[in-house]
Amino acid sequence: MADNTFEAIVVGSGISGGWAAKELTERGLKTLMLERGHDIKHVTDYEQSNKPVWQYPHRGGRTQKMIEEYPVLKRDYPLNERSLHWWVKDSECPYTETKRFDWFRGYHVGGRSLMWGRQTYRWSDIDFGANAKDGIAVDWPIRYKDIEPWYTHVEKFAGIQGTYENLPQLPDSHFLPGMPLNVVEKDVAARVKQHYNNKRTIIIGRTAHVTEPIPGRTPCQYRNMCANGCPFGAYFSTQSSTLPAAVATGNLTLRPFSIVTEIIYDKDTKKAKGVRVLDSETNQTYEFFSKVVFVCASSFNSTWLLMNSATNIWPEGLGSSSGELGHNVMDHHFRCGASGDVDGFEDKYYYGFRPTGFYVPRFRNLPGDEKRNYLRGFGYQGAANRQGWSREVREMSIGADLKDMLAEPGPWRIGATAFGEILPYHDNTISLDKTKQDKWKLPVLAMNVTIRENEKNMRVDMQNDMKEMLEAAGVKNVNTYDNEYFPGMGIHEMGTARMGNDPKTSVLNANNQVWDCQNVFVTDGACMTSASCVNPSLTYMAMTARAANFAVDELKKGNL
């Protein structure tokens with residue numbers, strides 16, 4: 001086999017790309033993984049993994065220079081000196097905002113698998129059937145039964161902690177022992193369960209953290225320093241999990257600093273021959289060839305690649321024949337909820353810094369719930385904690401009394417933020433802006449995305465429902481808040497190359513193949529036909545494993 005020829009090429013090395021590489025190599029395919037950014041080695045390159053906040057020059061905060069140099073990143077929490085090295089430089093990788101869109105990216109081996117919040121939830125049949133039920137967009141070409149075995153497959157390898165709840169709207173995963181709720185969360189959960197007759201529940205947030213040893217990984221140490229990289233491998237990432245598995249096969253070649261600019265399409269065979277790559281260090285162009293191509297560059301970059309490919313056949317790019325490529329952008333809207341004070345429990349505390357909080361599964365617009373003035377629903381992520389030394393002190397000034405008081409933990413508070421589903425609107429779009437270029441003289445994306453009345457109506461319930469729940473549980477001084485949401489802030493961008501049953505209305509088929517070129521698979525967030533209200537990464541993992549195994553089977557049958 002020539003140095004530039006492989007059986008499979010994987011574009012991107014994040015959550016989806018890592019799973020594609022693992023599954024393809026373990027099934028025997030010589031696979032090339034291409035990553036546009038630099039390499040990051042597990043453990044050895046987590047330089048700040050053990051660095052506490054007080055050792056940073058600005059205590060983990062941001063400087064005026066950072067604010068000036070990162071005009072997009074400054075809009076939210078990613079701009080801080082603890083994790084700045086993970087995020088893309090706005091000046092090198094600009095984009096056009098027809099309407100405001102906060103796009104937070106990480107270009108390096110592992111991608112956002114090193115930076116994600118690790119909340120991991122299965123979708124249900126309610127989610128996969130929602131578009132058909134509501135007459136929205138197009139129907140999903142799969143149902144829960146189609147992906148359920150692949151959820152189990154990836155969960156057993158990734159390691160998901162949680163508790164079995166038997167909720168139809170939130171199917172149970174294959175769990176490791178769940179992290180416990182703290183004493184106040186348990187009390188509030190019991191009161192909520194009783195008040196709502198078990199129709200609303202508070203459970204531990206399900207996350208991709210191992211709580212029991214598995215090969216190569218040590219259980220979570222409750223440091224909550226995940227954003228610096230985990231030297232214990234306690235949370236799932238490409239580096240801790242899928243990449244070592246792929247490397248162990250001897251079938252993987254990893255090439256960083258490789259910007260894939262085009263999928264090479266053969267109009268005679270109607271298949272992809274491979275990809276064209278721009279070396280981001282030398283600006284040299286290379287071509288690599290393969291039998292199948294897995295596009296896992298993250299939702300928008302995957303769509304950018306399709307738009308930039310086979311334009312001599314389809315002016316709008318590979319996969320554009322349906323008119324849906326670049327359309328139906330989705331995210332999760334959030335930044336609103338409620339919080340309040342909890343009396344008592346002054347003699348109680350909690351162990352360590354748990355890397356998750358509690359979760360309230362969706363309860364709106366489910367069978368038996370009164371019809372709301374919006375479609376779909378939302379869940380909550382929250383926590384109860386005791387205030388620390390930085391709490392506001394009104395009754396003290398300075399001196400020994402102040403120091404003594406701040407040496408003790410403060411009162412308990414509890415609160416939660418809602419994450420709501422955004423519908424797949426056809427006119428929420430991304431497109432190529434060929435008038436603007438990035439550092440490598442490549443065209444950039446233009447974002448034209450807004451939320452609508454459906455989401456705005458939902459946000460009213462997202463605040464008031466949590467207030468009602470907390471007050472029902474005896475929480476005092478409960479206040480609602482809405483800290484304003486703009487598309488992209490959820491960092492759950494989805495859609496733009498959706499799956500479907502008909503090549504006239506979708507980009508991908510039920511196996512994540514591009515209808516127009518069936519040896520190209522897209523398995524990251526671009527493939528999503530709707531958004532649900534739960535975090536999407538576990539579904540990307542399952543989709544990718546399912547598609548990769550289908551691709552290998554089809555290759556062996558001679559169909560690709």
Side-chain angles (χ1 to χ4, degrees), residues 117-122 124 126 160-173 175-207 209 211 222 224 332 334-345 348-366 368-369 377-386 411-421 458 461-481 532-535:
R118 304 165 302 283
Q119 295 283 315
T120 47
Y121 304 94
R122 291 188 179 193
S124 71
I126 295 170
I160 312 300
Q161 67 77 29
T163 54
Y164 292 94
E165 303 292 341
N166 194 30
L167 299 171
Q169 74 273 35
L170 193 72
D172 291 322
S173 292
F175 289 127
L176 296 174
M179 294 177 176
L181 298 171
N182 64 41
V183 64
V184 167
E185 293 165 349
K186 288 178 180 177
D187 182 74
V188 171
R191 292 171 183 267
V192 166
K193 183 176 183 178
Q194 181 180 24
H195 182 83
Y196 292 99
N197 195 26
N198 209 27
K199 290 184 178 179
R200 300 186 191 183
T201 58
I202 295 178
I203 64 176
I204 192 65
R206 300 169 177 176
T207 55
H209 290 86
T211 53
Y222 279 60
N224 199 20
H332 288 135
F334 70 124
R335 292 168 60 89
C336 64
S339 62
D341 302 321
V342 179
D343 290 341
F345 303 97
K348 305 295 183 183
Y349 204 68
Y350 38 83
Y351 169 78
F353 299 95
R354 188 186 60 195
T356 185
F358 65 73
Y359 188 70
V360 179
R362 174 184 169 184
F363 51 83
R364 286 300 187 193
N365 286 329
L366 296 178
D369 180 49
F378 51 89
Y380 291 99
Q381 296 177 29
N385 53 61
R386 297 194 71 171
W412 284 89
R413 284 187 60 80
I414 188 169
T417 294
F419 286 75
E421 181 168 354
M458 187 187 297
D461 273 6
M462 289 161 74
Q463 298 172 69
N464 293 338
D465 284 359
M466 178 50 61
K467 182 176 190 291
E468 176 192 293
M469 291 169 63
L470 293 178
E471 289 179 338
V475 179
K476 306 294 178 59
N477 306 317
V478 180
N479 293 305
T480 62
Y481 63 89
S532 181
C533 67
V534 301
N535 300 57

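The structure displayed is predicted, hence computed values, not measured ones. Positions are given from 1 along the sequence.
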Practice prompt. Output, in order, the C-alpha distance, side-chain angles, deciding distance and verdict of side chain to side chain donor-acceptor pair (under 3.5 Å) for T207 and Q161.
Written response: CA-CA 6 Å; T207 55; Q161 67 77 29; 2.7 Å; yes
inquiry  = If the threshold is 4.0 Å, N to carboxylate O, is there a salt bridge linking E185 and R354?
reply    =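 Between R354 and E185 there is a salt bridge, with a charged N closer than 4.0 Å to a carboxylate O.
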So how far is it from [X] [atom1] to [Y] [atom2], rounded to the nearest 0.5 Å?
| X | Y | atom1 | atom2 | value |
| --- | --- | --- | --- | --- |
| R122 | S532 | CZ | OG | 14.0 Å |
| S173 | E165 | OG | CD | 11.5 Å |
| N385 | Y349 | CG | OH | 8.0 Å |
| T356 | H209 | OG1 | NE2 | 7.5 Å |
| M462 | M466 | CE | CE | 10.5 Å |
| N182 | R386 | CG | CZ | 11.0 Å |

task: Flag the pair F419 / Y380 as yes when their ring centroid distance falls below 6.0 Å, and as no otherwise.
output: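 When the ring centroids of F419 and Y380 are compared, they turn out to be at least 6.0 Å apart.
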Among residues two or more places apart or on two chains, list those pairs meeting salt bridge (charged side-chain N to carboxylate O under 4.0 Å, His left out) that have a residue in residues 356-365.
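Counting only pairs at least two positions apart or across chains, the salt bridge (charged side-chain N to carboxylate O under 4.0 Å, His left out) contacts touching residues 356-365 are R364-D369, R364-D461, R364-D465.
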Tell me if the OH atom of Y351 is crowded by more than 12 foreign heavy atoms within 6.0 Å.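 Not buried by this count: 12 neighbours or fewer within 6.0 Å.
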Under the side-chain hydrogen bond (donor to acceptor under 3.5 Å, both in side chains) test, which residues partner [X], sequence neighbours left out?
| X | result |
| --- | --- |
| T120 | none |
| D341 | R413, N477 |
| D187 | R191 |
| N479 | none |

Out of the candidates Q381, R118, H332, only one should pair with N535 under the side chain to side chain donor-acceptor pair (under 3.5 Å) rule; please name it.
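The passing option is Q381.
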Taking only distance into account, with no hydrogens and no angle test, what donor-acceptor pairs under 3.5 Å do side-chain atoms of residues 194-202 form with protein atoms, sequence neighbours excluded?
unit_1, atom_1, unit_2, atom_2, d
Y196, OH, E468, OE2, 2.7
R200, NH1, E468, OE2, 3.4

